[in-house]
Number of protein chains: 2
Amino acid sequence: MTKTAPKGPPSALELLRSQSLTTLVKQELERRILAGDILPGDKLNEADVAAELRVSRGPVREAFRALEQAGLVRTEKNRGVFVRQVSLAEADEIYEVRAGLDELIGRLAAERATPADIAELRELVGQMRQAGQAQDVDAYYPLNIRFHDRLAQLAGNGTLLAAYRRLINELHLYRRRTLARGQDAFPTSTSQHAEIVEALAARDATLAGELLYQHAVKSRSRLHEALEREDNLPPPALVREVSIP
Amino acid sequence: MTKTAPKGPPSALELLRSQSLTTLVKQELERRILAGDILPGDKLNEADVAAELRVSRGPVREAFRALEQAGLVRTEKNRGVFVRQVSLAEADEIYEVRAGLDELIGRLAAERATPADIAELRELVGQMRQAGQAQDVDAYYPLNIRFHDRLAQLAGNGTLLAAYRRLINELHLYRRRTLARGQDAFPTSTSQHAEIVEALAARDATLAGELLYQHAVKSRSRLHEALEREDNLPPPALVREVSIP
DNA sequence: GCTTTGTAGATTGTCAACAATCTGCAACAT
DNA sequence: ATGTTGCAGATTGTTGACAATCTACAAAGC
């Protein structure tokens, strides 16, 4: 070594050494969108964002393109970028794909999960049961997210994990939009979670996949019920589609 | 209407009216990468690309960020962007996910395909059989791509279609890299394709899903054979992983 | 001979200015 | 009163210039 020893935490200088401003801006906007600080439909003004983050418009625009490709914002030429609004129909599509991925996750996780992983999952299920009994939705919701994300990690496939997280992010947008984050939020499925973990512990890949698939389908069913309900109240056409050529 | 009638084809002016330069640059680069004009590992120089496409570096950089998020290029800070190299291990991951998506595609397509769709698929299978008998790989390969993409469209789920196409693009990068585009290329599976179409025609969702899953798994097996072969020739560790936090 | 240091060129990261487009409102004509 | 036309302000799209960083090669020191 030459002269100076590195400080303890990753210093701000060290961070700027490896990350570009574009990346930082993207991460910050992504965080705000997923946290609900910025709501679906909101307009993101280049100059305002740049001013608030103390950078010029260049990095902001680059971050916008990345977020667009990630499905978090939508761009209208000469009009600006808006936080994406996920319609009910789109959310339905996403749930459908999520069910397929979850089935795969179940199969793979059953083969690859270690006893320590199983123990961790059981612990999570325990916490969820507790939050469920207390009807504490604010505690239950993030636990549910963590549980399923952990499963996706255990599948041991980075591509699968990335695809899964992308879908979860988009579903997050749907919940933010409707304010009714009630789909996966309500603790109706504590026993299902326990069953899933036991299937993993028994190394039963087919069963674990089947259970996770059904679990996702059930969430989708709750969405459909919401769809029915909503179809009666407002003028029936608020759903707009984005076509992929 | 006010004064002028629109011309026949979409004029260049009309095109620039709706598309930004960033979008055009992105599409052009995507085309070149997938067509093999630019190979995995190649460096993309901002100034060169900008000069060749007659734009400034701004739109080029924005296009780079979009392509990065799309998984087609990789960026190293202060060093530039490179066409992504998909390793064998990554290709293996992608095949695994693709199998899961294909299973879902089969289930959904079986429910939603019209008789006209079935006829179109039968026509495609016929052409593939023909190219297969003639051992014409250059004709067979794009037909195979078209067949599976058509299936993905028939599933009637835009989210699923987008996810599927992204994986196919990444697999394309793997094939470009190894020059051995032999995985799905060789016409070993003409009969499988016919079976799939018949399952769709019979509206047997479970069977169609199962057949497509097995079809993808078989492609993956051929990849594993290639993996075994390659493991013996070069020093055993050329595979690098990208970790997702 | 090998390592280290320094410098030159090229390339990327960032910024500020300019041009084009859109939105809203007011003035005008019908 | 209604619809059209024409600005004025604001916002996005694009460009060129400047600053920071990296790579490569050559010179100096051990």
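The figures here come from the full heavy-atom set of this structure, side chains too, leaving out hydrogens, waters and symmetry mates. A note on names: the letters A, B, ... follow the listed sequences, proteins ahead of strands, and every chain is numbered from 1.
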Margin query: Determine whether B/Glu96 and A/Arg112 satisfy the following criterion, salt bridge (Lys or Arg N to Asp or Glu O under 4.0 Å), listing intermediate values before the conclusion.
Written below: CA-CA 14 Å; B/Glu96 204 164 59; A/Arg112 297 171 184 173; 3.1 Å; yes
Next item on the list: Compare side-chain N and O positions of A/Lys43 against OP1 and OP2 of D/dT12 and report whether any pair is under 4.0 Å apart.
Entry: yes
Item checked: Proximal nucleotide (of D/dG13, C/dT14, D/dG16) relative to the A/Ser56 side chain -> C/dT14
Next item on the list: Provide, to the nearest angstrom, the distance between the CZ atom belonging to A/Arg54 and the C1' atom belonging to C/dC15.
Entry: 16 Å
Next item on the list: Sort out for me which residue in A/Glu68, A/Glu76, A/Glu90 forms a salt bridge (Lys or Arg N to Asp or Glu O under 4.0 Å) with A/Arg84.
Entry: A/Glu90
Item checked: Atom-pair distance (CG on A/Leu21; C1' on C/dC15), nearest Å -> 11 Å
Margin query: Classify B/Gly58 by what it touches in the nucleic acid, base, sugar-phosphate, or nothing, heavy-atom distance under 4.0 Å.
Written below: base
Note to self: From CZ of B/Arg61 over to C1' of C/dT12, roughly how many Å is that when rounded to an integer?
What the structure shows: 6 Å
Check: Looking at B/Arg79, does any N or O in its side chain come under 4.0 Å of the phosphate oxygens OP1/OP2 on D/dT21?
Finding: no
Next item on the list: Mind checking the CG-CG spacing from B/Leu21 to B/Leu53? Nearest 0.5 Å is all I need.
Entry: 9.5 Å
Next item on the list: Assign each of A/Thr22 and A/Arg57 to its nearest nucleotide of DNA chain C by heavy atoms, then name whichever residue's nucleotide is nearer the 5' end.
Entry: A/Thr22
Item checked: Atom pair distance, as rounded to whole Å: NZ in A/Lys26 and C1' in C/dT14 -> 19 Å
Check: To the nearest angstrom, how far is A/Glu46 atom CD from C/dA16 atom C1'?
Finding: 14 Å
Next item on the list: Take the protein atom CG of A/Asn78 and the nucleotide atom P of D/dG9, then report the distance between them rounded to whole Å.
Entry: 20 Å
Checklist line | N/O (side chain, B/Asn45) to phosphate O (OP1/OP2, C/dA10) under 4.0 Å | finding: no
Note to self: Nearest whole Å is fine: how far is D/dT12 C1' from A/Asp48 CG?
What the structure shows: 13 Å
Next item on the list: Measure across B/Tyr174 and B/Ser87 and return the closest heavy-atom pair with its distance rounded to 0.1 Å.
Entry: CD1-O, 4.0 Å
Margin query: In whole Å, I'd like the distance from the NZ atom of B/Lys77 to the P atom of D/dT23.
Written below: 13 Å
Check: When rounded to the nearest 0.5 angstrom, what is the spacing between CD in A/Glu120 and CG in A/Leu154?
Finding: 7.5 Å
